[in-house]
2 protein chains.
Amino acid sequence: MKHIAESTVRRLSRYLRFLEDFEAQGHQTISSGALAAQGGTTSAQVRKDLSFFGSFGKRGLGYSVSALSTRIREILGLGRTWNVIIVGAGKIGAALAQYRGFRDRGFHVMSVYDADPARIGRALDGVIIRDQKELESDIARLKPDIALLAVPGDVAQPLVDRLVKSGVRAILNFAPAPLQVPEHVTLRSVNMALELEILSYELVNKRT
Amino acid sequence: MKHIAESTVRRLSRYLRFLEDFEAQGHQTISSGALAAQGGTTSAQVRKDLSFFGSFGKRGLGYSVSALSTRIREILGLGRTWNVIIVGAGKIGAALAQYRGFRDRGFHVMSVYDADPARIGRALDGVIIRDQKELESDIARLKPDIALLAVPGDVAQPLVDRLVKSGVRAILNFAPAPLQVPEHVTLRSVNMALELEILSYELVNKRT
DNA sequence: CTCTGTGAACATCTTCACAGCT
DNA sequence: AGCTGTGAAGATGTTCACAGAG
């Protein structure tokens with residue numbers, strides 16, 4: 001299939017969230033315009049986004065809410081449970097381990113790792129914090145799909161290397177460090193300080 | 001000035017981080033190529049990004065590390081302290097309150113708010129959690145520049161409305177909800193579940 | 001008549017390539 | 001010779017506008 005822009009995938013996620021609300025309200029169909037209004041985009045954008053994956057709508061009518069949300073879930077790969085491990089049980093790792101939004105979307109936290117003996121053995125929302133020394137053997141056994149990395153910047157790259165070597169194929173990084181991964185591994189980074197810096201830029205360069 | 005793309009601002013932040021490391025190592029000058037290698041981009045991109053704001057380099061030589069980092073800090077509005085409040089002292093709010101990366105960049109957390117009596121009065125990294133009822137009066141008094149919103153999705157919009165009404169001009173939202181703000185308020189959202197969903201999409205649609 | 005699906009026009013962002021300082 | 005600064009070309013993403021299905 002043709003390459004899909006990340007911005008399109010982002011919007012699909014948002015459409016899905018709204019479709020679920022809309023379905024809960026008992027609606028059967030929805031037009032591209034209604035979907036657009038919610039997501040802060042245009043009806044043309046919605047139709048274009050969906051058209052990359054097929055034609056799900058009925059002209060004159062709109063889209064079946066349930067059929068469309070099922071289809072988007074399929075497209076996004078949310079029709080299954082993803083097994084996740086979290087590396088780093090500091091403040092951010094702990095927050096992630098207990099974040100409801102993950103569970104609700106089929107992301108299952110299998111285990112959490114840390115190097116600090118004071119943390120190892122404790123439970124975070126039912127998941128025991130394990131010694132990072134167990135990482136390699138646990139990954140071999142548990143075969144997680146995704147690793148969340150929430151450690152200080154200076155230890156991030158060595159941990160990424162260990163994760164990659166152990167066979168992890170996807171990493172969501174929260175450490176404020178630029179990381180290198182081989183071609184076959186997918187890496188995404190969320191950097192909260194950077195988001196604040198963009199806000200800072202926008203504040204000093206205020207539109208009117 | 002011409003409108004600058006967000007992607008450009010993002011890259012400037014990354015260049016700055018690398019410039020600081022580079023400066024600490026005692027280097028005087030740096031070429032666009034070296035900056036690019038670090039940020040995972042190209043030398044042409046670096047030069048183009050910088051050219052929007054002026055000509056800081058010397059042909060044949062490169063850029064002065066210290067002059068360039070100072071200039072980028074100015075561009076991003078990081079030459080000052082930004083006062084920040086955090087609304088929501090749950091797991092994410094608490095993690096944000098104690099996040100070092102903010103302090104290091106001149107973002108100063110003035111206060112944290114919550115509605116839960118069990119949390120009010122406790123301290124997070126030296127900052128006392130205050131009752132959300134005090135929001136309006138505190139904002140009038142403290143005049144924070146930025147509010148971080150880390151509350152459940154269903155109470156996010158009412159809180160945004162209160163923040164906006166009290167005069168907050170910039171909000172960084174961590175709640176998984178689509179929010180509305182008036183034209184003059186800057187809103188950015190970070191949605192961690194959405195990042196995982198993009199990863200999910202990339203996993204099921206693996207490149208080769 | 002309504003609302004989708006989509007090629008074509010438009011806008012935006014990135015890369016190229018080279019003139020021009022140092 | 002080395003490296004910047006920048007128009008121009010190319011690639012990518014968004015909006016328009018309309019044919020056509022229901």
Side-chain angles (χ1 to χ4, degrees), chain A residues 1-15 18-19 22 27-72 75 198 201-202 205 207, chain B residues 1-15 18-19 22 27-72 75 198 201-202 205 207:
Chain A
M1 185 194 295
K2 194 175 155 294
H3 178 255
I4 302 296
E6 180 180 314
S7 50
T8 296
V9 179
R10 265 200 141 65
R11 283 190 298 267
L12 287 179
S13 279
R14 291 208 207 97
Y15 302 158
F18 182 53
L19 283 168
F22 211 65
H27 293 83
Q28 303 284 317
T29 60
I30 188 170
S31 69
S32 56
L35 252 175
Q38 185 65 16
T41 180
T42 66
S43 62
Q45 181 78 78
V46 170
R47 294 197 302 277
K48 184 62 98 179
D49 286 341
L50 297 176
S51 77
F52 292 131
F53 302 96
S55 314
F56 321 127
K58 283 207 172 24
R59 295 171 191 229
L61 239 167
Y63 301 85
S64 152
V65 174
S66 67
L68 185 58
S69 58
T70 301
R71 193 70 188 85
I72 293 181
I75 292 167
I198 298 175
Y201 171 82
E202 288 176 1
N205 300 275
R207 53 279 172 81
Chain B
M1 185 195 294
K2 195 176 154 294
H3 178 255
I4 302 297
E6 180 180 313
S7 49
T8 297
V9 179
R10 267 199 139 65
R11 283 190 299 265
L12 288 179
S13 279
R14 292 207 208 98
Y15 302 158
F18 182 52
L19 283 168
F22 212 65
H27 293 84
Q28 303 284 317
T29 60
I30 187 170
S31 69
S32 56
L35 252 175
Q38 185 64 17
T41 179
T42 66
S43 62
Q45 181 77 78
V46 170
R47 295 198 301 276
K48 183 62 98 178
D49 286 340
L50 297 176
S51 77
F52 292 131
F53 302 96
S55 315
F56 321 127
K58 283 207 172 26
R59 295 171 191 230
L61 240 168
Y63 302 85
S64 152
V65 174
S66 66
L68 185 58
S69 59
T70 301
R71 193 70 189 84
I72 293 181
I75 293 166
I198 298 174
Y201 171 81
E202 289 176 1
N205 300 275
R207 55 271 171 86

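Heavy atoms only: backbone and side chains are in, while hydrogens, waters and symmetry mates are out. The structure displayed is predicted, hence computed values, not measured ones.
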Q: May I ask you to verify whether the side chain of B:R59 and the base of C:dT22 hold a donor-acceptor pair under 3.5 Å?
A: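 No, no donor-acceptor pair under 3.5 Å.
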Q: Judged by each residue's nearest nucleotide on DNA chain D, which is more toward the 5′ side, A:Q45 or B:K48?
A: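 It is B:K48, whose closest nucleotide lies nearer the 5' terminus.
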Q: In whole Å, what is the span from the NZ atom of B:K2 to the C1' atom of C:dC13?
A: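 It is 9 Å, rounded to the nearest whole Å.
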Q: Find out whether B:T70 and B:F56 are in side-chain contact, i.e. whether some heavy atom of one side chain is under 4.5 Å from a heavy atom of the other.
A: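 The answer is no; the side chains never approach within 4.5 Å.
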Q: Can you check the A:L61 CG to C:dT2 P distance for me, whole Å?
A: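 It is 13 Å, rounded to the nearest whole Å.
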Q: Could you state the CD1-C1' distance from A:I4 to D:dT14, rounded to the nearest angstrom?
A: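 Distance, rounded to whole Å: 14 Å.
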Q: Taking the minimum atom-to-atom distance to the side chain of B:R47, which one of C:dT15, D:dG5, C:dG5 wins?
A: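 That would be D:dG5.
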Q: Quick one: A:R71 CZ to C:dG5 P, roughly how many Å, whole number?
A: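 So the two atoms are 12 Å apart, to the nearest Å.
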Q: Given atom CZ of B:F56 and atom P of C:dT22, what is their separation to the nearest angstrom?
A: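 Result: 16 Å.
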Q: Using atom CG of B:L12 as one end and atom P of C:dC13 as the other, report the distance to the nearest whole Å.
A: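 Nearest whole value for this atom pair: 14 Å.
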Q: At less than 4.0 Å, is any side-chain N or O atom of A:Y63 found next to OP1 or OP2 of D:dG22? Yes or no.
A: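 So the side chain of A:Y63 is outside the cut-off, no N or O lying under 4.0 Å from OP1 or OP2 of D:dG22.
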Q: Closer than 4.0 Å, any side-chain N/O of B:T42 to the OP1 or OP2 of C:dT15?
A: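 So the side chain of B:T42 is within the cut-off, an N or O lying under 4.0 Å from OP1 or OP2 of C:dT15.
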Q: Between atom CD in B:E6 and atom P in C:dA11, what is the gap in whole Å?
A: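 These atoms are roughly 22 Å apart.
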Q: In the structure I gave you, are the side-chain heavy atoms of B:L19 and B:Y63 within less than 4.5 Å of one another anywhere?
A: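 Answer no - side chains too far apart.
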Q: What is the nucleic acid contact for B:T41, judged by heavy atoms within less than 4.0 Å: base, sugar-phosphate only, or nothing?
A: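 Nothing: the residue B:T41, judged by heavy atoms under 4.0 Å, touches no strand.
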Q: For B:E6, is the CD atom crowded, meaning more than 12 foreign heavy atoms sit under 6.0 Å from it?
A: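 Atom CD in B:E6 is crowded, with more than 12 foreign heavy atoms closer than 6.0 Å.
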Q: Expressed as a whole number of angstroms, how long is the span from A:F53:CZ to C:dT4:P?
A: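 Those two atoms, CZ and P, are 18 Å apart.
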Q: For A:S7 and B:S31, find the nucleotide of DNA chain D closest to each by heavy atoms; which residue's nucleotide sits nearer the 5' end?
A: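 Mapping each residue to its closest nucleotide by heavy atoms, the 5'-most match is B:S31.
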Q: Do the non-hydrogen side-chain atoms of A:L35 and A:L68 ever get within less than 4.5 Å of each other?
A: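 SC-SC contact between A:L35 and A:L68 confirmed.
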Q: Using the six-membered ring wherever Trp is involved, compare the ring planes of B:H27 and B:F22 and label them parallel, tilted or perpendicular (cut-offs 30° and 60°).
A: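 Ring orientation of B:H27 relative to B:F22: parallel.
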